[in-house]
Amino acid sequence: MSITGDHRLLKRLNRTAVVRQVRQAPGSSRADLANATGLTKSTISLLSQELIDEGWLVELEVEAGGSQARGTGRPPTPLVLDEHRLAFVGVDLGLASATVVATNLVGKILTESSAAIDTTSPARASAQVARMIEALLQGAELRRRTTVGIGIGVPGAVDDRTGVLRFAPNLGWKDVPLRDLLSDALAGGLGAGLPLYLQNDADVAALGEFEFGEPPVSEPLVFLGLGTGVGAGIVVNDRLLTGAGGFAGEVGHTVLDVAGPRCSCGRLGCAEAFVGLAAVTHAVLGGTEPPASRDPATLLQSLPAAAFDAGRAARDSQIRAALERAGQYIGLLMQNLWAAFDPALIVLGGPTCELGDALLGPARERLAEYAQAAGLQPPAVRQARFGRLAHAVGAAAAVIHYQVRPLSGAPALVGVLPDAA
Ligand SMILES: [Zn+2]
């Protein structure tokens with residue numbers, strides 16, 4: 001690598017370290033940041049001024065006449081993330097609809113819209129999504145801000161370096177260059193030239209919890225997305241675990257029963273064939289034929305109201321048995337995630353969670369039983385912060401994450417070569 005390349009890389013690492021430190025410890029002064037990052041005060045001063053100029057950080061007003069103002073002169077100025085100047089666009093590209101949101105730097109939703117899309121053709125779906133993004137960018141709220149980039153969450157495995165969607169069985173898409181399709185569709189509008197980040201929908205939802213959670217955020221963090229498809233997003237050491245081919249966390253296709261029912265991927269007995277929303281809907285409704293639709297909104301609408309009310313579900317033997325069984329498999333899936341990643345926190349999200357306690361109660365109980373049997377304390381489990389917008393808000397968080405995530409090994413590098421501003 002050239003000296004210039006080294007210099008740019010170091011500068012990026014140092015900027016990243018400063019933004020992340022302010023996120024973890026809001027109100028840090030420049031001296032605090034120098035202590036926490038190992039960078040010199042002059043480097044911190046240069047970087048923080050640059051980040052203030054670009055809209056990432058803002059100085060808080062310090063009250064005059066406080067005790068710190070006497071003696072050593074100027075009081076230290078607290079720095080916080082700036083909520084008012086930047087915007088991040090997130091797209092949830094679903095099976096039959098898309099949701100587009102914009103958030104600020106701390107996860108406040110500024111604007112959102114949803115519409116049906118035609119996913120029989122990736123090019124047509126991309127054109128529809130591009131029009132939704134363009135409409136959002138034209139709005140007054142985003143006109144006042146600088147939009148940093150666009151994140152896209154998709155229900156499949158993604159190679160985030162090439163922007164290619166590798167495999168999305170529920171969409172029927174394989175090896176689709178989705179980032180390029182969207183980039184072409186955005187050409188000529190306000191979205192032209194903005195950085196595009198393509199990632200799996202459970203992965204971006206994990207980033208939504210991680211980037212927009214109350215600091216300091218516990219990790220490893222696992223987001224378990226329960227919908228037509230089932231997948232986990234895993235954040236370890238401040239980074240998303242994506243795997244060698246983008247398939248990390250595709251736990252919907254871990255096999256829970258070697259002789260189980262057929263899954264959308266072709267295998268037998270995958271988790272999705274037990275706890276996917278189509279499987280749960282089929283079990284609740286009974287009958288021999290599985291539901292014709294795989295769209296989560298359509299599936300939820302086909303369920304009786306009693307399924308969404310734990311009290312009424314408990315009095316209906318068919319609904320109770322179906323949700324208890326699916327809940328126990330969700331508990332089994334959480335147990336396996338616990339054993340694999342030892343998470344500090346598991347977040348449950350996705351449309352299937354709208355079934356509430358009749359489904360999630362048995363899941364928590366099953367996890368607690370496994371923990372008790374092993375004499376261990378299970379990880380904390382809670383529901384997604386952004387509800388049905390978890391994927392879209394997470395996709396906006398992915399923009400922040402890709403802009404200021406630490407590179408692997410970054411913490412050591414930052415301290416070794418100071419003054420790279
Ligand atoms: Zn499968």
Side-chain angles (χ1 to χ4, degrees), residues 92-96 119 122 153-159 164-176 178 198-206 222-234 240-285 288-296 298-300 322-323 325-341 346 348-353 355 359 363 366-367 391:
D92 172 14
L93 198 163
L95 301 186
T119 54
V154 288
V158 165
D159 182 338
V164 171
L165 193 165
R166 302 283 301 275
F167 186 38
N170 282 309
L171 279 171
W173 294 3
K174 201 165 189 182
D175 292 324
V176 173
L178 196 56
L198 187 69
Q199 192 47 273
N200 170 266
D201 55 12
D203 284 349
V204 297
V222 172
F223 180 95
L224 179 57
L226 300 166
T228 304
V230 174
I234 301 144
L240 200 56
L241 181 71
T242 50
F247 289 92
E250 288 284 343
V251 295
H253 304 290
T254 51
V255 175
L256 300 186
D257 181 350
V258 289
R262 182 76 64 186
C263 176
S264 69
C265 72
R267 304 178 185 101
L268 289 180
C270 290
E272 184 182 304
F274 293 101
V275 304
L277 186 52
V280 174
T281 304
H282 190 195
V284 169
L285 296 178
T288 49
E289 287 299 308
S293 173
R294 296 186 65 76
D295 170 49
T298 311
L299 289 167
L300 286 173
L323 295 184
R325 182 164 183 269
Q328 285 177 2
Y329 275 107
I330 292 170
L332 169 53
L333 203 48
M334 288 199 285
Q335 146 68 28
N336 290 349
L337 283 165
W338 177 22
F341 301 104
I346 297 177
L348 297 174
T352 312
C353 291
L355 288 162
L359 178 77
R366 179 48 69 98
L367 178 65
H391 291 156

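Both counts, for ligands and for their atoms, begin at 1 and track the order of listing. Atom set for the values below is all heavy atoms of this structure, side chains included, hydrogens, waters and symmetry mates excluded.
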Considering only distance and modelled atom types, tabulate donor-acceptor pairs under 3.5 Å from the side chains of residues 330-339, sequence neighbours left out.
none

Identify which protein N/O/S atoms are less than 2.8 Å from the Zn ion (ligand 1).
His253 ND1, Cys263 SG, Cys265 SG, Cys270 SG
Among Thr281, Thr298, Leu285, which residue meets the side chain to side chain contact (heavy atoms under 4.5 Å, CB included) test with Pro291?
Thr281
Which heavy atom of Val251 sits nearest to which heavy atom of Thr254, and what is that distance?
O-OG1, 2.6 Å
Partner set under salt bridge (charged side-chain N to carboxylate O under 4.0 Å, His left out) for Asp159, not counting sequence neighbours:
Arg161
Do Thr228 and Asp295 come close enough that some side-chain heavy atom pair is under 4.5 Å?
no
Kindly state each residue pair satisfying salt bridge (Lys or Arg N to Asp or Glu O under 4.0 Å) with at least one member in residues 266-283, sequence neighbours excluded.
Glu272-Arg294
